[in-house]
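Worksheet: one structure, shown below.
Keep in mind it's a predicted model, so treat the numbers as computed, not measured.
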Amino acid sequence: MEANMMEQNKDNRQVYFVGGGLASLAGAAYLVRDCGFSGKNIHVLEGMNILGGSNDGAGSPVQGFVCRGGRMLNEETYENFWELFNSIPSIEQPDISVTDEILAFDHEHPTHANARLINKDGEVLDVMSMGFNTADRLAIGKLMIAPEEKLDNLRICDWFAHTPHFFETNFWYMWQTTFAFQKWSSLFEFRRYMNRMMFEFSRIQTLEGVTRTRYNQYESVILPLKAYLDKFDVDFGLKCVVTDLDFDENEGITVTAIHYTQDGITDNMIQLHEGDLCIVTNGCMTDNATLGDLHTAAPLIADKPMSGELWAKIAAKKEGLGNPAPFFGRPEETNWESFTVTMQGNKLLKMIEKYSRNVPGSGALMTFKDSSWLMSIVVAAQPHFKDQPADQTIFWGYGLYTDKVGDYVKKPMRDCTGEEMLIELLHHLHFEDQLDEILSDVINVIPCMMPYIDAQFQPRKMTDRPAVVPAGSTNLAMISQFVEIPEDMVFTEEYSVRAARIAIYTLLGLDKKICPVTPHQYDVRTLFKAFNTTYR
């Protein structure tokens with residue numbers, strides 16, 4: 001092991017990461033931590049002007065803050081995430097790790113939602129019962145024992161077609177909005193979530209399993225990881241859009257060159273030499289995300305998603321690199337929209353706190369189940385941004401059905417300004433009698449349209465997602481929410497970190513264990529709790 005690491009230091013092999021999201025940054029950390037790589041030989045090529053991928057948080061006290069979404073963490077199932085960040089020092093408390101920092105904050109601010117589902121009359125519903133009937137239970141039971149090879153291209157609604165009641169249960173509304181599933185989402189992914197999150201099934205009504213960061217994920221996760229990598233002089237190239245890869249013409253998969261655009265120059269090329277590696281983010285769920293503001297709707301622009309375009313080009317050149325068409329070809333099925341509200345003072349948050357019986361940071365999602373947009377909101381612990389003044393408060397929400405006309409604002413969500421989204425929300429909260437007073441405190445409401453945010457949940461064949469290291473590859477790996485990792489579930493921080501770890505250890509032949517998927521679905525106590533939950 002030590003001899004191998006010393007050998008790595010002797011040579012001048014270069015590693016190129018295409019994309020600057022969590023997976024690439026994690027991969028770079030594994031290279032310096034476990035493989036003895038010089039940071040100067042590690043290059044992260046990011047098409048945007050900021051690192052972090054879908055882990056974001058931005059804005060200012062003047063313009064308002066924005067979270068495109070919130071990436072839920074989970075203490076029991078994010079095995080590699082916690083292991084990696086146990087090596088990354090906190091920025092604010094350098095004597096402890098990011099893992100310790102997050103878990104300590106979460107334990108001090110436990111989640112226990114008291115207003116998980118709300119009906120059209122503004123009544124908080126009792127969701128202790130999942131609401132299943134016998135047909136629902138049988139369908140779920142059969143799905144859990146069905147072999148995955150028989151689920152190619154199936155949707156959730158295909159499986160439950162004979163028991164449509166399933167989609168009216170408390171369980172479906174809570175599970176759907178917690179993880180952003182649609183009825184037409186992949187049955188593969190739904191089943192994997194049921195297995196992977198079996199531990200959470202019995203407490204889905206309170207969301208006690210949600211692990212929170214102190215601030216937004218960009219500041220709590222990405223910035224400490226970036227600071228760690230900066231100490232090793234890792235090379236970061238921003239506004240560097242990789243447009244194509246060249247491959248050796250022989251059998252197998254060997255990348256020989258990377259083509260990219262930067263600073264207006266379109267014909268840049270990096271030549272790869274023997275021993276160099278190319279690790280590609282082959283899909284990004286926040287491709288083509290657009291922002292609006294208080295008086296402007298966020299446009300839906302679905303053409304030419306940056307990562308999807310690159311994936312299509314390279315998949316056409318070599319077999320075994322997957323098929324992006326099911327994921328990046330149907331934006332009407334894969335979009336949803338979020339909005340972030342920045343307020344002067346805490347009047348609205350105090351009203352929501354009284355209504356929900358949850359202090360900020362303790363309630364997780366509140367879902368308005370009869371909303372035509374299927375709107376949910378999240379009130380995080382304040383402040384949620386380091387630059388957020390003490391006299392400002394923020395929260396965010398999202399809607400799954402952006403093509404539907406609002407119940408109070410008679411426009412499709414996707415055509416609404418930030419102000420109109422807030423007005424729709426205030427009516428669902430039945431705060432309309434104080435509408436003008438609340439609106440007078442608004443600094444900004446920033447909508448964010450994301451055409452491909454649910455792309456990883458699209459119906460697919462097992463072969464549509466490539467392996468992290470495709471068969472026959474000598475120097476190429478793919479890391480994203482669009483690679484195939486048996487048993488694990490997409491749309492998670494863990495999936496990105498696990499993919500990166502698999503990529504690095506496999507390409508470099510490192511004899512070091514990757515934390516396995518914890519088999520909660522085989523634990524007798526967990527199974528017993530889950531079984532009892534179906535009859536609540």
Side-chain angles (χ1 to χ4, degrees), residues 14-31 39 42-56 68-69 71 81 84 217-218 221-223 225-226 229 234-245 255 257-262 268 270 272 276-289 304-315 321-322 324 327-328 450-453 455-456 465-470 473 475-485 490-504 507:
Q14 309 293 309
V15 181
Y16 300 94
F17 289 93
V18 177
L22 175 60
S24 290
L25 301 183
Y30 287 126
L31 284 171
I42 302 169
H43 314 277
V44 179
L45 312 176
E46 169 55 52
M48 298 180 68
N49 62 355
I50 189 171
L51 297 170
S54 300
N55 285 263
D56 63 357
R68 290 181 294 184
R71 308 293 169 242
F81 179 91
L84 173 64
Q217 275 107 15
Y218 179 74
V221 174
I222 298 301
L223 285 185
L225 186 50
K226 168 71 161 49
L229 296 173
V234 171
D235 172 40
F236 298 102
L238 301 180
K239 295 184 180 179
C240 179
V241 180
V242 173
T243 56
D244 205 356
L245 304 179
V255 179
I258 300 171
H259 298 269
Y260 66 97
T261 297
Q262 191 175 36
N268 301 294
I270 299 170
L272 270 66
D276 292 348
L277 304 178
C278 179
I279 301 175
V280 177
T281 302
N282 62 303
C284 176
M285 68 181 79
T286 47
D287 266 3
N288 291 43
K304 298 182 178 180
M306 181 165 52
S307 63
E309 289 273 291
L310 175 61
W311 185 11
K313 284 183 181 179
I314 64 176
L321 301 187
F327 310 105
F328 289 95
M450 295 169 283
Y452 300 106
I453 189 65
Q456 67 281 351
R465 296 200 311 212
V468 174
V469 179
S473 172
N475 68 350
L476 173 70
M478 303 173 89
I479 52 173
S480 72
Q481 302 296 311
F482 299 88
V483 296
E484 183 58 36
I485 304 177
V490 294
F491 212 171
T492 64
E493 310 284 70
E494 171 64 17
Y495 209 83
S496 294
V497 174
R498 184 181 293 273
R501 201 173 193 184
I502 292 171
I504 298 304
L507 286 176

Where is the tightest heavy-atom contact between V44 and G19, given as atom of each residue plus distance? CG1-O, 3.6 Å

Are any side-chain N or O atoms of D276 and backbone N or O atoms of Q14, one a donor and one an acceptor, separated by less than 3.5 Å? yes

Evaluate the side-chain contact (heavy atoms from CB on, under 4.5 Å) criterion for residues I42 and D235: first the C-alpha distance (whole Å), next the side-chain angles of each, then the deciding distance (0.1 Å), finally the verdict. CA-CA 6 Å; I42 302 169; D235 172 40; over 6 Å; no

One should read off an interatomic distance between L310 CG and Y260 OH, to the nearest 0.5 angstrom, of 15.0 Å

Would you name the heavy atoms of D287 and S307 that are closest together and state the gap between them? OD2-OG, 2.5 Å

Backbone of G20 reached by a side-chain donor or acceptor of E46 within 3.5 Å: yes

Whether W311 side chain and F328 backbone form a donor-acceptor pair below 3.5 Å: no

Sidechain-backbone polar pair: T281 side chain, G283 backbone, donor-acceptor under 3.5 Å: no

Using atom types as modelled and distance alone, determine if a side-chain donor or acceptor of Q217 lies under 3.5 Å from a backbone N or O of I222. no

Can you tell me how far CD of E484 sits from CZ of R465, rounded to the nearest 0.5 angstrom? 4.5 Å

Flag the pair N55 / Y218 as yes when at least one side-chain heavy-atom distance between them is below 4.5 Å, and no otherwise. no

Applying side-chain contact (heavy atoms from CB on, under 4.5 Å), run through Y16 and H43 and close with a yes or a no. CA-CA 5 Å; Y16 300 94; H43 314 277; 3.4 Å; yes

For the backbone of F491 and the side chain of E494, can you confirm whether one donor and one acceptor N or O come within less than 3.5 Å of each other? no

What's the spacing between S496 OG and I485 CD1 if we round to 0.5 Å? 8.5 Å

How close do V483 and S480 get, counting heavy atoms only, and between which atoms? CG2-O, 3.4 Å

Just wondering, do V242 and T261 contact through their side chains at under 4.5 Å, heavy atoms? no

Indicate yes or no for a side-chain donor-acceptor contact from S24 to the backbone of F17 under 3.5 Å, with no hydrogens or angles considered. no

Non-hydrogen atoms of L272 and C278 that approach each other most closely: CD2-CB, 4.0 Å

Kindly indicate whether the side chain of I314, heavy atoms from C-beta on, has any atom under 4.5 Å from the side chain of V255. no

Are M48 and K239 side-chain neighbours, meaning at least one heavy-atom pair lies under 4.5 Å? no

Carboxylate-amine/guanidinium proximity below 4.0 Å for D244 and K313: no

Closest non-hydrogen atom pair between T286 and R71, with its separation: CG2-NH2, 4.1 Å

Would you please test F482 and F327 for ring-ring contact (aromatic ring centres under 6.0 Å, His included) and show each step? CA-CA 8 Å; F482 299 88; F327 310 105; 5.4 Å; yes

Do I279 and I504 come within less than 4.5 Å of each other through their side chains, counting heavy atoms only? yes

Can you tell me how far CD1 of I502 sits from CD1 of I479, rounded to the nearest 0.5 angstrom? 11.0 Å

Kindly say whether L238 contributes a backbone atom to a donor-acceptor pair with the side chain of Q262 at under 3.5 angstrom? yes

Would you mind reporting whether L229 and F236 have side-chain heavy atoms less than 4.5 Å apart? yes

Measure the OG-CE distance between S54 and M450 for me, rounded to the nearest 0.5 Å. 9.0 Å

In this structure, CG of L245 is separated from NE2 of H259 (nearest 0.5 Å) by 8.0 Å

Non-hydrogen atoms of R68 and G53 that approach each other most closely: NH2-O, 2.7 Å

